[in-house]
Every structure is written in C-alpha cells, then in structure tokens.
Amino acid sequence: MPRATPLATEDRTPLTRLREGAAHGIVGYQLAQAAIVTNQVFDERVGHARGALRRVEFTILALVQTNRDVTARQLARALAVTPPNIAIWLDKLESRGLIERERSVSDARMQHVRLTARGHALVERSVQALLEGEREALDALSSAERAMLVELLHKVALSRRKL
C-alpha cells in the first residue's frame with residue numbers, strides 16, 4: 001500500500017489550516033482568500049468603519065483623480081455598475097464635498113466629474129495608507145513579487161473585455 005504524502009502547508013487555509021483540496025488551484029478561490037487580507041487592510045487603514053471610505057467610494061475617487069473630466073457613464077462601465085447606481089454613489093460623494101460635477105460645454109447631457117481639494121487630499125492619504133498597509137500585510141512577498149502580483153492581477157482584469 002503506497003504511503004500517503006503529507007499535504008503541503010501551502011495547500012491549507014490560513015489560521016484554521018483546513019485542506020483546500022481542488023480549490024487550491026482555482027484562481028477565483030485564491031483571489032477570494034487574498035481579498036480577505038486586502039479588505040482587512042482597507043478596513044483598518046481607510047475603511048468606512050473609521051468614518052472615511054467604502055471600497056467603491058475609494059475606487060471612484062481614485063479613478064476621478066487620475067482621469068480628468070471623467071463622466072459618470074465611464075465610471076459606471078469601469079466599475080461594472082449601472083448608471084443609476086453610479087449616480088447614487090456620486091450624489092453621496094458630492095454631498096460629502098469630495099467631488100463636483102459640471103455640465104459638458106460640448107454636450108449638455110454629459111457631466112464631468114472632478115475631485116474637490118478635500119477629495120484630492122483624501123485620495124492621497126488613502127493611497128499612502130493602503131500602500132503602507134499592504135506592504136506590512138504582504139511582507140512575505142518581495143517588492144518584485146508584489147509588483148508581479150499587481151501586474152498579473154491587472155492582466156486578469158483585462159480579460160473582462162473578452163467576456
């Protein structure tokens with residue numbers, strides 16, 4: 001009778017050390033497990049529980065900061081949400097003084113979204129806090145491995161165009 005080989009510790013869940021079995025090789029499963037770590041960093045560093053931001057709010061603000069005169073429609077597509085949903089989020093951010101909307105000069109049906117000074121400062125603080133928190137949480141990875149992980153996850157995200 002062949003001897004059973006011990007399961008590698010890499011094939012077990014964190015903390016409880018449960019065997020992952022076939023799930024170990026599934027990208028979506030591993031993304032969900034990794035999201036537990038990154039969500040905890042977000043919650044501790046800039047999360048809504050601290051009175052700051054929800055994940056979707058941070059994402060909207062970060063995209064607005066980087067994309068001058070972005071429209072609500074573009075944001076909705078980027079986040080895979082409906083235009084009415086993005087409008088609700090933009091209303092919330094505007095009521096908090098983090099963004100402002102301005103009608104397009106060339107097309108009155110469009111509104112351009114811009115950060116206020118307060119929104120810009122919040123994004124800057126949040127990005128720095130998240131980068132620092134992730135460096136600490138992912139200290140088992142070298143800076144090159146973290147950069148590779150970001151690049152690989154971005155490639156996965158780019159496959160969304162094909163769906």
Side-chain angles (χ1 to χ4, degrees), residues 3-81 85-86 89-90 92-93 96 98-99 112-163:
R3 290 179 50 182
T5 57
L7 193 62
T9 58
E10 295 82 27
D11 292 350
R12 292 182 179 259
T13 63
L15 304 179
T16 59
R17 311 307 297 157
L18 296 173
R19 290 186 178 105
E20 294 176 325
H24 181 77
I26 298 172
V27 172
Y29 170 80
Q30 293 300 344
L31 286 172
Q33 291 298 306
I36 294 169
V37 175
T38 58
N39 288 344
Q40 184 177 5
V41 168
F42 186 92
D43 292 343
E44 290 172 358
R45 300 293 175 130
V46 298
H48 191 68
R50 294 178 37 104
L53 296 170
R54 297 180 190 275
R55 285 174 195 82
V56 68
E57 292 171 329
F58 169 76
T59 302
I60 291 168
L61 294 174
L63 290 173
V64 171
Q65 180 185 44
T66 307
N67 297 278
R68 182 168 170 74
D69 292 334
V70 66
T71 66
R73 181 184 192 103
Q74 289 172 311
L75 290 168
R77 289 193 69 204
L79 296 172
V81 299
N85 282 344
I86 200 71
W89 285 110
L90 293 176
K92 289 178 183 182
L93 293 169
R96 292 174 61 190
L98 300 173
I99 64 159
H112 297 289
V113 182
R114 297 185 180 112
L115 289 183
T116 62
R118 184 174 172 205
H120 182 76
L122 181 57
V123 171
E124 289 295 317
R125 283 192 314 271
S126 298
V127 166
Q128 290 309 310
L130 291 170
L131 289 172
E132 179 183 311
E134 286 185 356
R135 264 192 303 278
E136 291 173 14
L138 303 175
D139 66 349
L141 300 178
S142 69
S143 58
E145 288 171 325
R146 279 193 303 277
M148 184 184 305
L149 177 60
V150 168
E151 190 60 32
L152 291 171
L153 291 172
H154 184 69
K155 283 184 174 184
V156 171
L158 288 175
S159 69
R160 186 173 128 196
R161 288 186 240 164
K162 298 174 188 172
L163 300 178

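Being a predicted model, the structure only gives us computed values, none of them experimental. Both backbone and side-chain heavy atoms feed into the values below; hydrogens, waters and symmetry mates do not.
The closest donor-acceptor contact from the side chain of Gln30 to the backbone of Gly25 lies at 3.5 Å or more, if one exists at all.
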Expected list for residues 73-80: side-chain donor-acceptor pairs under 3.5 angstrom, two or more places apart:
| from | atom 1 | to | atom 2 | distance (Å) |
| --- | --- | --- | --- | --- |
| Gln74 | OE1 | Thr71 | N | 2.8 |
| Gln74 | OE1 | Thr71 | OG1 | 3.3 |

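Using a 4.0 Å cut-off between a side-chain N of Lys or Arg and a carboxylate O of Asp or Glu, Glu134 and Arg45 do not qualify as a salt bridge.
Interatomic distance, CG of Leu115 versus CD1 of Ile60, reported as 11.0 Å (0.5 Å rounding). Separation of atoms CG (Leu18) and CD (Glu20) is listed at 9.0 Å; rounding is to 0.5 Å. Annotation: the span from Leu98 atom CG to Gln65 atom CD amounts to 12.0 Å, rounded to 0.5 Å. Rounded to the nearest 0.5 angstrom, Ile26 CD1 and Gln33 CD are separated by 11.5 Å. Going from atom CG of Leu61 over to atom OG1 of Thr66 covers 10.5 Å, rounded to the nearest 0.5 Å. In this structure, NE2 on His112 lies 9.5 Å from CZ on Arg68, to the nearest 0.5 angstrom.
Side-chain contact between Arg135 and Leu131 is present, with at least one heavy-atom pair separated by less than 4.5 Å. Between Val46 and Phe42 the shortest side-chain heavy-atom distance falls below 4.5 Å. Using a 4.5 Å cut-off on side-chain heavy atoms (C-beta onward), Leu122 and Leu53 make contact.
Scanning for side chain to side chain contact (heavy atoms under 4.5 Å, CB included) contacts around Val37 gives Ala137, Leu138, with sequence neighbours left out.
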(request) Could you walk me through whether Asp43 and Arg55 pass salt bridge (Lys or Arg N to Asp or Glu O under 4.0 Å), step by step? (result) CA-CA 9 Å; Asp43 292 343; Arg55 285 174 195 82; 2.8 Å; yes
